Protein chains: 2
Amino acid sequence: MPTIKDVASLAGVSVATVSRVLNDSGYVNHETKQRVNDAISTLNYRPNNVARSLFNGRSQMIALLVPDIMNPFFPELARAVEDFTKQNDYTFVLCNTDDDPEKEMHYIDALQQKSVDGIIIVSSTITEKELNQVKVPIVALDRILSSNLSSVTVRNREGARHAVKYLKALGCKRIAHICGPENVSNTKDRLSGYLDEVKDMDWFLSSYVVTGEYQFDSAMAATKNLLINHPEIDGIFVANDVMGVGVLKAAQELGLRIPKDLCVIGFDGISLGDKITPSLTTIKQPIYEMGTRAAEILIQQINDPVFTVQREEFEVTLLERESTSVRR
Amino acid sequence: MPTIKDVASLAGVSVATVSRVLNDSGYVNHETKQRVNDAISTLNYRPNNVARSLFNGRSQMIALLVPDIMNPFFPELARAVEDFTKQNDYTFVLCNTDDDPEKEMHYIDALQQKSVDGIIIVSSTITEKELNQVKVPIVALDRILSSNLSSVTVRNREGARHAVKYLKALGCKRIAHICGPENVSNTKDRLSGYLDEVKDMDWFLSSYVVTGEYQFDSAMAATKNLLINHPEIDGIFVANDVMGVGVLKAAQELGLRIPKDLCVIGFDGISLGDKITPSLTTIKQPIYEMGTRAAEILIQQINDPVFTVQREEFEVTLLERESTSVRR
DNA sequence: TTGAAAGCGCTAACAG
DNA sequence: CTGTTAGCGCTTTCAA
């Protein structure tokens, strides 16, 4: 790998001059510039980013920490963040934390030791104390972590209410809810929205709420139990789409006809929902816009040291598909 | 952020000594070590990795470049690489290239400028010329890129033959193939395996092979066309599972009963195949083992400068599920 | 308009 | 056993 010195001696100038043309800073004679650029291309020189980072303390690198890379929601989110950060000349890296506080802190430490410029994080487990260890700008995505942290989320509670109202309008008489892990902020919000709509119904039972841990397998198992114990259930609001797919699978294995016997509505709007049969009706989040906005806020905070917490809450929309729509 | 100097002065020693305890190298008095460690913890000192990297030219970072993070195959692969690299004290980063040569080279450049220690790459588009730009150890995964590059792949041709033989054994009389993009090495191998088994059949038509570009949407569209033009088709071997899901969707939209009217078998063995109804029979790759092995080879090449190309080819297995098995 | 030199934080000789 | 010092490759004063 050639260094700036090699370029300098080939061009017959000092390293300072090379640095100037590299960064387009200060004065440099047009001809000299030419010579330097020639040297750069004949040597195929690339500035060493590590040295740059060491000097100015920044790395032009932004990281996204997600809890579960196998849930398609997060790759979709990652695409958005990647696109936006790339457009702004940052290197984007994606890290998977398993929602494990240790892995999370490990990544945060490692990234900071690499002078990462900023972090976008989807987390439920991180604590205020750990957050204080973070010296670089940080934005919470999808979940709210702390009141003094910028965040990008959606109107979870309203979305949940919308889902349940919709099931009612379809004629569902007994509506259950498969929720996420209880420590996740959006689990609580979506559950609240559900309860808003059903808690005063005469048919409501607290056993209509079961957890699926935001995982396919758990959701499938939980649904089978639920439907066996409560065959009267004719509608399920599921707190995310991956679990929604699990609910459909469980219902089909029990021989239920969707949506005739059971209506199912998810939450997220991942493309997987449209790939399966029957396709999954859902409350759609503007995933791409959310990722983009989080990246935008982060970059803004990186550039502007004045600390201003921004909280952005996106609207959600009902996306009607086969798991509810063809009911007759 | 405290530096090694701060630690040194707090502990009343030189930076060299601090460095020694940090790296556990050379002799250092037990008591001194204690003092240094105390200073480290009171300051909450973390060594600056950038400075380390600048000095020794390594970053303890390994990157995986994948063509499509939205295809669940790659997150599954990434999990494996992540786990293994992490166990070996590397920071793992995941980069999405879209199989776009420009994005690919952009990442490779950026990573090298960050002194990345090694790269695992899944690519179809990269050329020998670009490969020569890469100065760090590199391992090809899932696809073969060049004869002088280590690689981890599977027995694609044999797997494909196995798939087709299996369809025949089930009683399929007209078997089609949905293939991947033609520039991908495993597309060719899987196609060859298919042709091995069908090209001499009296029923075989070249129009039984159509491309699905390894994408859900393309595969779904291609399948509809295929089945409308060739209603006699009663079995399809699909070159990957994501397309397999698309084939099932297309067939169901056409009102075909699976597997009674049409048997479908995919290739990959991603967990998605088991989440849908009917679940997708497939030729299963040992995804986790492959990712692990690629990481292992890479780390070996990082540590051992002696250049030895390793080519590892894993066996595949038939995973029988509902898209073929309940045929009667 | 250009160059010399200091220093970003760390490690590894080399002395002592 | 410990300290001094020279860089790793780059950017940025400060002088010229």
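Note that these values count all heavy atoms, side chains included, but never hydrogens, waters or copies made by symmetry. In this text the structure is predicted, and so the values were computed from the model without any measurement. Residue numbers begin at 1 in each chain, while the letters A, B, ... track the order of the sequences.
Remark: C1' of C:dT2 and CD of A:Glu31 are 14 Å apart, rounded to the nearest angstrom. Whole-Å rounding puts the B:Tyr27 OH to D:dT2 P distance at 13 Å. Going from atom NZ of A:Lys5 over to atom P of C:dA4 covers 12 Å, rounded to whole Å. The CG-C1' distance, from B:Asn48 to D:dG9, rounds to 14 Å in whole Å. Remark: P of C:dA12 and CG of B:Leu54 are 13 Å apart, rounded to the nearest angstrom. One atom, CD of A:Gln34, and another, C1' of C:dT1, lie 17 Å apart when rounded to the nearest Å. In this structure, A:Gln113 atom CD and C:dT11 atom P are separated by 11 Å, rounded to whole Å. Taking atom CG of residue B:Asp6 and atom P of nucleotide C:dG9, one finds them 9 Å apart after rounding to whole Å.
Looking only at atom types and distance, the side chain of B:Arg143 has a donor-acceptor partner in the side chain of B:Ser124 under 3.5 Å away. No hydrogens or angles considered: nothing links the side chains of B:Tyr214 and B:Asp68 as a donor-acceptor pair under 3.5 Å. Between B:Glu312 and B:Ser151, the side chains place no donor N or O within less than 3.5 Å of an acceptor N or O (distance only, hydrogens not considered).
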Using a cut-off of 4.0 Å between protein heavy atoms and nucleotide atoms, how would you tag nucleotides 11-16 of chain D 5' to 3' with B, S and -? BBB---
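Residues passing the side chain to side chain donor-acceptor pair (under 3.5 Å) test with A:Asn148, sequence neighbours excluded: A:Ser146.
Heavy atoms of other residues, nucleotides or ligands lying less than 6.0 angstrom from CD of B:Glu313 number more than 12.
A distance-only check finds no donor-acceptor pair linking the side chain of B:Ser41 to the backbone of B:Asn44 [under 3.5 Å]. The backbone N or O of A:Tyr288 lies less than 3.5 Å from a partner atom in the side chain of A:Thr292, making a donor-acceptor pair.
Within 4.0 Å of A:Val13, counting heavy atoms only, lie sugar-phosphate atoms of the nucleic acid but no base atom.
OP1 or OP2 of D:dG3 has at least one side-chain nitrogen or oxygen of B:Ser14 nearer than 4.0 Å. Proximity of B:Thr32 to the phosphate of D:dT2: a side-chain N or O atom is located under 4.0 Å from OP1 or OP2.
For B:His30 and B:Ala51, each mapped to the nucleotide of DNA chain D holding its nearest heavy atom, the one lying further toward the 5' end belongs to B:His30.
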